[in-house]
A.B. asks: 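My questions all concern the structure below.
What you are looking at is a predicted structure, and each value in this text was computed from that prediction instead of being measured. Because only heavy atoms are used, hydrogens play no part in the values below, and waters and symmetry mates are left out as well, while side chains stay in.
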Amino acid sequence: MANARYWLMKSEPTSFSIQDLRAAPKKTTSWDGVRNYQARNFMRAMQRGDQVLFYHSNADPPSIVGIAEVVREAYPDQTAFDPKDSHYDPKSTRAKPVWDMVDIRLRRIFASPIPLDRLRDESRLQRMELLRKGSRLSVQPVRPEEWALILSLAGS
DNA sequence: GCCAACGTTGGC
DNA sequence: GCCAACGTTGGC
């Protein structure tokens, strides 16, 4: 895993929580429903073995709650094809898919989630996309040094 | 529940 | 190409 890279993915726990991921078959899920080009492009850049911080947005408090791993690289998001799905997008067809998803598998749930406020306290994390005012990007890269610091905050 | 920030859409 | 209107995100 020398070349593993690091990412952060947001999910509202009322929609899909890290506990839901733990309960999923093989503790694995498809990260469907992303409808933002920048986030999609980051998913397309993901490689098997890349590590992912799992973030609970719209939570109390919003927090990084654990770690997952990319187990399948980008492939077409089927939910975009289904008119009955809330993520349906007629722009995306089976012949020319617009939206992709990846599969991730749970690695670890933090005993103590790291709240957003705690992250803001860290001068070394000030460049994180997550902390940028107005940032809404749901899939974003994380620098190796940020990853290391966050893991140290989570404890071993 | 509020609302600022953001991305997308569509009229022109 | 501009930009107002709109819908969504997500912290508070």
Side-chain angles (χ1 to χ4, degrees), chain A residues 5-24 28-46 50-70 73-104 106-143 145-147 149-155:
Chain A
R5 289 176 301 175
Y6 305 106
W7 309 93
L8 180 145
M9 291 170 126
K10 298 179 184 175
S11 184
E12 301 195 18
T14 52
S15 158
F16 189 85
S17 70
I18 199 164
Q19 288 77 23
D20 293 329
L21 180 56
R22 180 175 54 198
T28 298
T29 194
S30 307
W31 206 260
D32 61 24
V34 171
R35 297 294 178 268
N36 170 283
Y37 288 101
Q38 208 180 345
R40 180 205 66 182
N41 292 344
F42 284 133
M43 286 201 297
R44 286 183 173 175
M46 289 180 181
D50 283 2
Q51 303 292 299
V52 177
L53 295 171
F54 199 111
Y55 178 79
H56 279 174
S57 61
N58 259 310
D60 188 20
S63 311
I64 297 175
V65 292
I67 300 170
E69 174 174 338
V70 176
E73 296 174 7
Y75 62 107
D77 181 346
Q78 311 286 117
T79 66
F81 307 143
D82 178 2
K84 292 196 244 352
D85 194 284
S86 62
H87 298 295
Y88 174 61
D89 184 353
K91 280 197 306 294
S92 190
T93 63
R94 288 173 197 282
K96 277 201 154 191
V98 173
W99 302 114
D100 281 359
M101 58 191 179
V102 297
D103 289 357
I104 63 168
L106 180 67
R107 290 207 57 207
R108 177 178 163 202
I109 297 180
F110 293 157
S112 304
I114 308 167
L116 185 59
D117 283 350
R118 181 73 187 84
L119 300 171
R120 288 195 196 286
D121 285 343
E122 286 293 334
S123 59
R124 308 241 68 107
L125 297 179
Q126 293 316 300
R127 291 166 72 211
M128 281 190 82
E129 170 67 20
L130 183 71
L131 303 186
R132 229 191 70 235
K133 181 178 159 72
S135 169
R136 301 186 337 193
L137 193 56
S138 65
V139 178
Q140 52 185 267
V142 171
R143 296 176 186 84
E145 59 271 25
E146 293 165 347
W147 173 270
L149 179 55
I150 288 164
L151 282 217
S152 75
L153 294 178

A.B. asks: Out of A:Arg127, A:Arg132, A:Lys133, which one pairs with A:Glu129 under the salt bridge (Lys or Arg N to Asp or Glu O under 4.0 Å) rule?
C.D. replies: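 Of the listed residues A:Arg127, A:Arg132, A:Lys133, the salt bridge (Lys or Arg N to Asp or Glu O under 4.0 Å) partner of A:Glu129 is A:Arg132.
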A.B. asks: Among C:dG11, B:dA4, C:dT8, which nucleotide has an atom closest to any side-chain atom of A:Arg136?
C.D. replies: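 Closest nucleotide among those given: C:dT8.
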A.B. asks: Just the rounded figure in Å: distance from C1' of C:dG11 to CG of A:Leu130.
C.D. replies: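 In whole Å, C:dG11 C1' lies 11 Å from A:Leu130 CG.
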A.B. asks: Looking at side-chain heavy atoms only, is the closest gap between A:Gln51 and A:Arg107 below 4.5 Å?
C.D. replies: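 Contact flag for A:Gln51/A:Arg107 side chains = yes.
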A.B. asks: Starting at NZ of A:Lys133 and ending at P of C:dT9, how long is that distance when rounded to a whole Å?
C.D. replies: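 Rounding to the nearest Å, NZ of A:Lys133 and P of C:dT9 are 19 Å apart.
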A.B. asks: A:Arg132 near the nucleic acid: base, sugar-phosphate alone, or nothing, with a heavy-atom cut-off under 4.0 Å?
C.D. replies: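 Answer is sugar-phosphate: A:Arg132 comes under 4.0 Å of backbone atoms only.
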A.B. asks: Whole-Å distance between C:dC12 P and A:Asp60 CG?
C.D. replies: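 So the two atoms are 11 Å apart, to the nearest Å.
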A.B. asks: Within the pair A:Lys10 and C:dT9, is there a side-chain N or O less than 4.0 Å away from OP1 or OP2?
C.D. replies: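 Indeed not, no polar side-chain atom of A:Lys10 lies that close.
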A.B. asks: Given A:Arg35, which partner from the list A:Asp77, A:Asp100, A:Asp85 fulfils the salt bridge (Lys or Arg N to Asp or Glu O under 4.0 Å) test?
C.D. replies: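 Of all the options given, the one that passes is A:Asp77.
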A.B. asks: To the nearest Å, give me how far apart CG (A:Asn58) and P (C:dG10) are.
C.D. replies: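 It is 7 Å, rounded to the nearest whole Å.
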A.B. asks: Looking at C:dC12, B:dA5, B:dG7, which one has an atom nearest to any side-chain atom of A:Asn36?
C.D. replies: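 The answer is B:dG7, which lies nearest to the side chain.
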A.B. asks: Over 60° means perpendicular and under 30° means parallel, so classify the ring planes of A:Trp99 and A:Tyr37, tilted if in between.
C.D. replies: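 Tilted.
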A.B. asks: For A:Tyr55 and C:dT9, what is the distance between atoms OH and P respectively, to the nearest whole Å?
C.D. replies: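 About 15 Å, once rounded to whole Å.
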A.B. asks: Do any side-chain nitrogens or oxygens of A:Tyr37 fall under 4.0 Å of OP1 or OP2 in B:dC6?
C.D. replies: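 No.
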A.B. asks: Would you kindly give the NE2-to-C1' distance between A:His56 and C:dC12, to the nearest whole Å?
C.D. replies: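 Value for this atom pair: 19 Å.
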A.B. asks: Kindly point out which of C:dG11, B:dA5, B:dG7 is positioned nearest to the side chain of A:Ser57?
C.D. replies: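 Within the option list, the nearest is C:dG11.
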A.B. asks: Relative to the ring of A:Trp31, is the ring of A:Phe54 parallel (under 30°), tilted (30 to 60°) or perpendicular (over 60°)?
C.D. replies: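 If you compare the ring of A:Phe54 with that of A:Trp31, the planes turn out perpendicular.
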A.B. asks: Which of residues 82-102 of chain A sit near DNA chain B, with a heavy atom under 4.0 Å from it?
C.D. replies: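 Going residue by residue through residues 82-102 of chain A, the ones with a heavy atom under 4.0 Å of DNA chain B turn out to be A:Lys91.
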A.B. asks: Which atoms form the tightest heavy-atom contact between A:Leu106 and A:Ile67, and what is the distance?
C.D. replies: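 Residues A:Leu106 and A:Ile67, closest heavy atoms: CD1-O, 3.6 Å.
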A.B. asks: Can you tell me the distance, in whole Å, between the CD atom of A:Glu129 and the P atom of B:dC6?
C.D. replies: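 Going from CD in A:Glu129 over to P in B:dC6 covers 10 Å.
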A.B. asks: Taking the side chain as every heavy atom from C-beta outward, state whether A:Leu130 and A:Val142 have any pair of such atoms under 4.5 Å apart.
C.D. replies: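 No, side chains not in contact.
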A.B. asks: Atom CG of A:Asp117 and atom P of C:dG10: how far apart are they, to the nearest Å?
C.D. replies: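 The distance from CG of A:Asp117 to P of C:dG10 comes to 17 Å, rounded to the nearest Å.
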